[in-house]
Protein chains: 2
Amino acid sequence: MAKARRKYQRVTIKDVAEYAQVGVGTVSRVLNNSPHVDETTRERVLEAIKNLGYMPNPHARRLSTGSSQLVTVITPEMKGDFYQILMSSIDEVLVKYGYSSLLYPLYNEKKFEALKKSSDILLSTDGLIVDGVNVDSVMSHILNPQTPVICLEQDSDKYDSIMVDNYYGGVLVGDYFADLDMDIFVVTHRKSHELESTVFDERLEGFQESLEKKGRSIDKIYYVPLDWESTFEVARRIFFRFKRCAIFTTTDYLAVPIIEVARTMQLDVGKDVRVCGFDDLPIAQVLEITTVRQPIAEMGYLAAESLIKRINKKIKDKPKKYILKPELVVRNT
Amino acid sequence: MAKARRKYQRVTIKDVAEYAQVGVGTVSRVLNNSPHVDETTRERVLEAIKNLGYMPNPHARRLSTGSSQLVTVITPEMKGDFYQILMSSIDEVLVKYGYSSLLYPLYNEKKFEALKKSSDILLSTDGLIVDGVNVDSVMSHILNPQTPVICLEQDSDKYDSIMVDNYYGGVLVGDYFADLDMDIFVVTHRKSHELESTVFDERLEGFQESLEKKGRSIDKIYYVPLDWESTFEVARRIFFRFKRCAIFTTTDYLAVPIIEVARTMQLDVGKDVRVCGFDDLPIAQVLEITTVRQPIAEMGYLAAESLIKRINKKIKDKPKKYILKPELVVRNT
DNA sequence: CTGAAAGCGCTTACAG
DNA sequence: CTGAAAGCGCTTACAG
């Protein structure tokens with residue numbers, strides 16, 4: 001005779017307690033691996049859990065403890081290796097502390113609107129790591145002031161922020177290219193909407209100013225969408241006229257098609273044609289592309305560690321700013 | 001004099017009620033836009049909410065209502081356009097019903113382990129859409145039997161499943177290529193671990209059998225990792241020997257580098273060199289690649305609609321299977 | 001329209 | 001080691 005159960009007829013801790021003939025507190029204790037439980041009662045409870053097919057209700061637990069052991073990571077998109085690396089490193093430290101991460105990528109404007117509407121999501125998690133979005137201006141009003149937030153690749157007055165010195169990275173490439181007796185081109189991406197990041201411009205600026213300081217200048221800047229098809233076109237246009245040149249792409253992603261076109265056109269990449277990317281994505285490592293190494297994993301570690309500290313109220317002081325320095329990695333291109 | 005508050009000193013519905021001089025029930029009603037609230041009291045409550053900076057506690061609400069209005073989408077990875085399209089279409093219908101989606105990409109094995117450990121995540125959401133993972137065998141034991149699940153690109157005995165007829169898609173390409181008086185090559189990817197999908201093999205099988213039925217056969221199959229650098233190499237190898245051939249890539253992603261190499265080598269793509277992809281990703285549309293159109297958005301719509309129906313208990317019957325038919329889209333390659 | 005109260009399913013001092 | 005009870009912050013019949 002199935003006993004009448006409440007809404008959703010889920011089996012609760014109470015059912016388990018009855019079945020095992022103990023109090024709910026004891027069930028809770030074995031659920032939480034408390035050491036203060038007699039071994040035989042523990043087994044009886046475990047038995048009950050199994051027989052009843054009990055599964056805990058996370059909402060009840062979270063309401064009771066005031067914590068979800070969850071962290072939300074908000075990114076402006078989800079494509080590319082960058083976020084995979086970032087997420088992996090964040091997860092690595094998170095699990096150490098018993099936390100999990102949830103991804104909330106803003107892959108289109110609707111997604112962002114949805115977030116503003118049902119900011120529930122932002123309130124149901126113990127902390128936030130936000131990449132490339134200006135939290136202060138577009139998000140802080142829907143956030144609980146108590147919720148710890150770490151900003152990545154974006155400055156913030158209210159929260160800890162972790163940035164890479166993109167300008168400096170550009171300078172590194174400029175210094176490197178300045179000594180080359182070649183025409184100098186840049187292939188980069190122009191940000192098209194508010195949410196996009198400004199890193200490409202910063203890299204370009206550092207590059208440009210370093211070049212000028214050495215009496216050189218950019219011969220031409222090509223702006224492309226962030227996809228390969230357009231870049232293939234640009235590469236063909238460049239190499240049709242110039243068999244010898246140095247090209248700075250503000251991300252490795254754009255370097256790939258350029259190198260491939262040059263190689264297919266039999267140009268000597270690494271000698272007559274020099275290509276330098278940015279980011280040191282896995283693809284740059286595989287193709288041995290000269291690039292500027294952005295410490296993505298370090299960013300992730302730092303972000304996660306900082307967040308955990310904030311969550312644990314270890315730090316209560318003013319927002320901190322971390323600026324990580326990139327480095328030039330000269331390889332075969 | 002700041003009043004002493006409980007743990008986390010968050011302001012609760014009770015504080016708001018006191019401040020506005022009403023009962024907590026009334027506050028709850030204005031929070032939920034109940035029409036049965038006098039306009040002036042509503043305003044008083046709203047005022048109190050603003051002044052106190054009140055933010056609702058989602059856990060309490062979820063415990064009380066038994067629902068989170070959240071859906072988790074689990075994918076085997078997060079790279080590429082596919083998931084962006086899928087997620088967008090899922091979100092589109094979800095918002096219609098007042099739901100939001102959370103992404104949980106299994107970008108590495110640890111992520112999957114973490115999920116098994118703290119299956120909390122799977123229990124705190126009203127439903128699940130799982131892409132490309134065999135739920136029956138690897139996940140169903142950590143799921144609440146009550147939780148509705150929709151499986152994508154993967155068969156299931158327990159849950160609704162939505163699949164694309166990949167075999168049939170391969171047949172379409174085979175029929176198309178069989179009439180071409182050219183050598184026929186395939187560039188495809190071999191699955192390397194358990195969690196990866198088998199779609200590439202299914203597509204290849206359909207292609208192969210259709211060809212055989214017409215008395216033709218594949219001249220050579222090239223297996224590559226799912227990245228462009230390797231594919232560039234393969235393309236160069238092919239076109240070095242064959243200036244005239246038809247190539248079937250089991251995903252558009254792999255068609256791109258092949259087409260680029262052919263073009264850069266001055267071959268007439270669309271005439272001497274024929275390339276047919278699979279998926280109809282945005283990149284295939286931009287580059288006007290002949291391909292097999294996989295109805296990704298339709299999958300997303302169907303998945304989300306089916307899930308909502310299950311959540312609302314509209315359907316209680318046996319798991320349903322949907323098999324979507326892809327179609328050949330002949331373009332310029 | 002509105003308030004008091006019960007209930008959602010846990011956790012955690014508090015006694016024993 | 002264990003049970004009874006209070007509490008987490010909401011929602012929702014139930015009376016009025």
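Residue numbering restarts at 1 for every chain, and letters A, B, ... go by the order of the sequence lines. Computed over heavy atoms, backbone and side chain alike; hydrogens, waters and symmetry mates excluded. The shown structure was predicted, so the numbers you read here are calculated from the model rather than taken from an experiment.
- Here C:dT12 is the nucleotide among D:dG3, C:dG9, C:dT12 with the atom lying nearest to any side-chain atom of A:Ser28.
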Check your understanding: Dot-bracket, DNA chain D: Watson-Crick or G-U, under 3.5 angstrom, [ ] crossing, | other strand?
Key -> |||.||||||||.|||
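- For B:Thr65, the side-chain atoms get nearest to D:dT12 when compared with the rest of D:dC10, D:dT12, C:dC10.
- Between B:Lys321 and B:Asp155 there is a salt bridge, with a side-chain nitrogen of the basic residue lying less than 4.0 Å from a carboxylate oxygen of the acidic one.
- Within 3.5 Å, no donor on the side chain of B:Ser64 pairs with an acceptor on the base of D:dG9, nor the reverse.
- Every residue meeting the side-chain contact (heavy atoms from CB on, under 4.5 Å) condition with B:Glu153, not counting sequence neighbours, appears here in chain and number order: B:Phe82, B:Asp131, B:Val199, B:Gln294, B:Met299.
- For the pair B:Arg44 CZ and C:dG3 P, the interatomic distance rounds to 8 Å; values are reported in whole Å.
- Judged by closest nucleotide on DNA chain D, A:His36 is the one of A:His36 and A:Val24 placed further toward the 5' end.
- Taking atom CD on A:Glu43 and atom P on D:dC1, their separation rounds to 14 Å, with Å as the unit.
- Residues passing the side-chain contact (heavy atoms from CB on, under 4.5 Å) test with A:Ala303 are A:Ile129, A:Ile150, A:Leu152, A:Ile162, sequence neighbours excluded.
- The interatomic distance linking B:Gln21 (CD) with C:dA4 (P) rounds to 12 Å, in whole Å.
- Under the side-chain contact (heavy atoms from CB on, under 4.5 Å) criterion, B:Glu92 pairs with A:Lys110, B:Tyr301, sequence neighbours left out.
- Closest to the side chain of A:Ile13, from the set D:dG9, C:dG3, C:dC10, is C:dC10.
- In this structure, CZ of B:Arg61 is placed 17 Å from P of C:dG9, rounded to the nearest angstrom.
- Residue A:Glu18 contributes atom CD, which lies 13 Å from atom P of D:dG3 at whole-angstrom precision.
- Here C:dC10 presents its C1' atom at 13 Å from CD1 of A:Ile49, a figure rounded to the nearest Å.
- Rounded to whole angstrom, the span from the CG atom of B:Asn32 across to the P atom of D:dC10 amounts to 11 Å.
- Between A:Leu63 atom CG and D:dA6 atom C1' there is a gap of 13 Å when expressed in whole angstrom units.
- The side chain to side chain donor-acceptor pair (under 3.5 Å) pairs that include a residue from residues 48-60 of chain A are A:Tyr19-A:Asn51, where partners are two or more places apart or lie in different chains.
- With no hydrogens or angles considered, no side-chain donor-acceptor pair links B:Lys320 and B:Ser306 at under 3.5 Å.
- A side-chain donor-acceptor contact under 3.5 Å links A:Lys111 and B:Ser101.
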What nitrogen or oxygen pairs link the protein and nucleotides 13-15 of chain D at under 3.5 Å?
unit_1	atom_1	unit_2	atom_2	d
D:dA13	N6	B:Arg29	NH2	3.1

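- Within the 4.0 Å cut-off from OP1 or OP2 of D:dT2, at least one side-chain nitrogen or oxygen of A:Thr41 is found.
- Note on A:Pro56: only backbone sugar-phosphate atoms sit closer than 4.0 angstrom, heavy atoms only; bases stay farther off.
- Taking atom C1' on both C:dT12 and C:dG16, the two are 16 Å apart, rounded to the nearest angstrom.
- In this structure, of C:dG3, D:dC10, D:dC1, it is D:dC10 that holds the atom nearest to the side chain of B:Thr12.
- Qualifying side-chain hydrogen bond (donor to acceptor under 3.5 Å, both in side chains) partners for B:Lys116, counting only residues two or more places apart in sequence or in other chains: none.
- Relative to the side chain of B:Asp38, the nucleotides D:dT2, C:dC1, C:dG3 differ in distance, and C:dC1 lies closest.
- Shown here are the side-chain hydrogen bond (donor to acceptor under 3.5 Å, both in side chains) partners of A:Asp136, two or more places apart in sequence or in another chain: A:Ser156.
- By the side-chain contact (heavy atoms from CB on, under 4.5 Å) test, B:Arg29 is found to be paired with B:Thr26, B:Ser34, B:Val37, residues two or more places apart in sequence or in another chain being considered.
- Within 4.0 Å of B:Val27, counting heavy atoms only, lies no atom of the nucleic acid at all.
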